[in-house]
Amino acid sequence: TPQQHRELYTELLKEECASETVTPRHVFWLCRELFRQHSWGSLLASCAAFLHYQNVWRVEKAHCLIMQASAFRHTGKPQDAIKAYLQACDAAPQDREPWFEFGRMFYGEKQWAQAYGMFMQCLQIKDRADHYLTHDNGWEHWPHYIAAVCMNTLGSPQAAAVHAKAAADY
């Protein structure tokens, strides 16, 4: 079954990551698998291992930090999550994904002004990267849609309407 194949793949990655020939990319791939499985404790350990490497691809570093932030949120460490999101935005400031995910965190916490700021930063980025870690959420209607909700909640229906129209135009 696909689930059994996924579990076997995860075990192979764990073995590789414990070997002397491990590469940063394999550790990153293990982080992605642990993230999909919501294995937060193991994910935090693997993220720490990946982030210990020097000279990793900035995009993978940013995505590792996003996964780490999510794990911190799920383990009740919101301040560590904020720190990880800030580091992700710093690692890949020209990519929308870190800003989008940071904004989603604030949105989920009903911190409307902070969320709006992150989505506005996200929307400032006009050039979509061409790599396998770019995801559609940051490039479709979602940043404008969530910005509209934030502005409406903050009592600015005019700004909300501008974002709602931009979201509808996608």
Side-chain angles (χ1 to χ4, degrees), residues 1-112 114-119 121-122 125 128-140 142-143 145-146 149-150:
T1 69
Q3 180 63 29
Q4 290 170 322
H5 290 291
R6 211 76 212 191
E7 291 169 6
L8 178 60
Y9 177 62
T10 302
E11 289 308 311
L12 289 171
L13 281 172
K14 286 179 181 178
E15 287 177 25
E16 173 60 24
C17 291
S19 76
E20 293 179 14
T21 60
V22 65
T23 67
R25 176 102 355 115
H26 291 137
V27 178
F28 177 75
W29 291 342
L30 177 60
C31 291
R32 289 180 59 190
E33 287 304 308
L34 295 170
F35 179 79
R36 285 186 183 116
Q37 296 169 12
H38 299 175
S39 184
W40 305 125
S42 296
L43 174 59
L44 287 171
S46 293
C47 286
F50 177 79
L51 294 169
H52 185 69
Y53 288 104
Q54 300 296 314
N55 300 319
V56 295
W57 185 31
R58 65 169 181 78
V59 176
E60 286 181 348
K61 180 177 182 180
H63 279 267
C64 181
L65 286 159
I66 291 167
M67 291 183 286
Q68 183 184 54
S70 183
F72 281 138
R73 287 178 51 221
H74 284 92
T75 57
K77 299 176 183 169
Q79 293 305 314
D80 290 333
I82 290 171
K83 181 180 173 185
Y85 279 124
L86 285 169
Q87 291 173 333
C89 292
D90 185 56
Q94 66 275 34
D95 290 337
R96 278 192 181 190
E97 289 74 15
W99 302 102
F100 181 81
E101 295 301 330
F102 201 4
R104 283 185 47 197
M105 183 208 73
F106 283 126
Y107 179 81
E109 297 293 323
K110 298 182 175 153
Q111 295 179 9
W112 310 114
Q114 294 89 332
Y116 182 74
M118 293 299 125
F119 288 111
Q121 185 64 38
C122 175
I125 299 166
R128 183 177 177 146
D130 185 23
H131 55 69
Y132 79 105
L133 293 171
T134 301
H135 62 79
D136 289 339
N137 289 348
W139 291 94
E140 293 178 345
W142 287 111
Y145 174 81
I146 299 173
V149 172
C150 292

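- A 4.5 Å side-chain heavy-atom check between S70 and M67 finds every atom pair outside the cut-off.
- Ring geometry, F119 versus F100: the interplanar angle exceeds 60°, so the pair is classed perpendicular (tilted spans 30 to 60°).
- Using a 4.5 Å cut-off on side-chain heavy atoms (C-beta onward), P24 and F50 make contact.
- Interatomic distance, Q111 CD to I82 CD1, rounded to the nearest 0.5 Å: 6.5 Å.
- One finds the SG atom of C31 at 12.5 Å from the CD1 atom of I66 (value rounded to the nearest 0.5 Å).
- Between H38 and F35, the two ring planes are perpendicular [angle over 60°; tilted spans 30° to 60°].
- By the 4.0 Å N-to-carboxylate-O rule, D90 lies too far from K61 to be salt-bridged with it.
- Legend: ring-ring contact (aromatic ring centres under 6.0 Å, His included) pairs involving residues 51-73, not counting sequence neighbours, sorted by first then second residue: W57-H131.
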E7 vs T1, test: side chain to side chain contact (heavy atoms under 4.5 Å, CB included). Steps then yes/no.
CA-CA 10 Å; E7 291 169 6; T1 69; over 6 Å; no
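- Heavy atoms from other residues, nucleotides or ligands lying under 6.0 Å from CH2 of W142 number 12 at most.
- Shortest non-hydrogen contact noted between V22 and C17 is CG2-CA, 3.5 Å.
- Rounding to the nearest 0.5 Å gives a distance of 9.5 Å between CG of L30 and CD of E11.
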Hey, mind stepping through R73 and W40 against side chain to side chain contact (heavy atoms under 4.5 Å, CB included) and telling me if it holds?
CA-CA 10 Å; R73 287 178 51 221; W40 305 125; over 6 Å; no
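- Across all non-hydrogen atoms, the minimal contact from A81 to M105 is CB-SD, 4.4 Å.
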How far apart are the C-alpha atoms of R25 and V56, what are their side-chain angles, what is the distance that settles it, and do they pass the side chain to side chain contact (heavy atoms under 4.5 Å, CB included) test?
CA-CA 8 Å; R25 176 102 355 115; V56 295; over 6 Å; no
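- Between W112 and Y107, the angle of the ring planes goes over 60°, which puts this pair in the perpendicular group of the 30/60° scheme.
- Residues P143 and N137 come closest through the heavy atom pair CD-O, 3.4 Å.
- Here the OG1-CG distance, from T10 to L34, works out to 6.5 Å after rounding to the nearest 0.5 Å.
- Listed here is the closest heavy atom pair of R58 and A92: NH1-CB, 3.5 Å.
- Among pairs with a residue in residues 3-27, those fulfilling ring-ring contact (aromatic ring centres under 6.0 Å, His included) read H26-W29, at least two apart in sequence or across chains.
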Step by step, would you call L13 with R32 a side chain to side chain contact (heavy atoms under 4.5 Å, CB included)?
CA-CA 11 Å; L13 281 172; R32 289 180 59 190; over 6 Å; no
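- A salt bridge between E33 and K14 is absent, with no side-chain N of the basic residue lying under 4.0 Å from a carboxylate O of the acidic one.
- Atoms SG and CD, on C89 and E97 in that order, are 11.0 Å from each other to the nearest 0.5 Å.
- The shortest non-hydrogen separation linking C122 to G138 is SG-O, 4.0 Å.
- Shortest non-hydrogen contact noted between L65 and A91 is CD1-CB, 4.5 Å.
- Going from atom CD of Q114 over to atom CD of E109 covers 10.5 Å, rounded to the nearest 0.5 Å.
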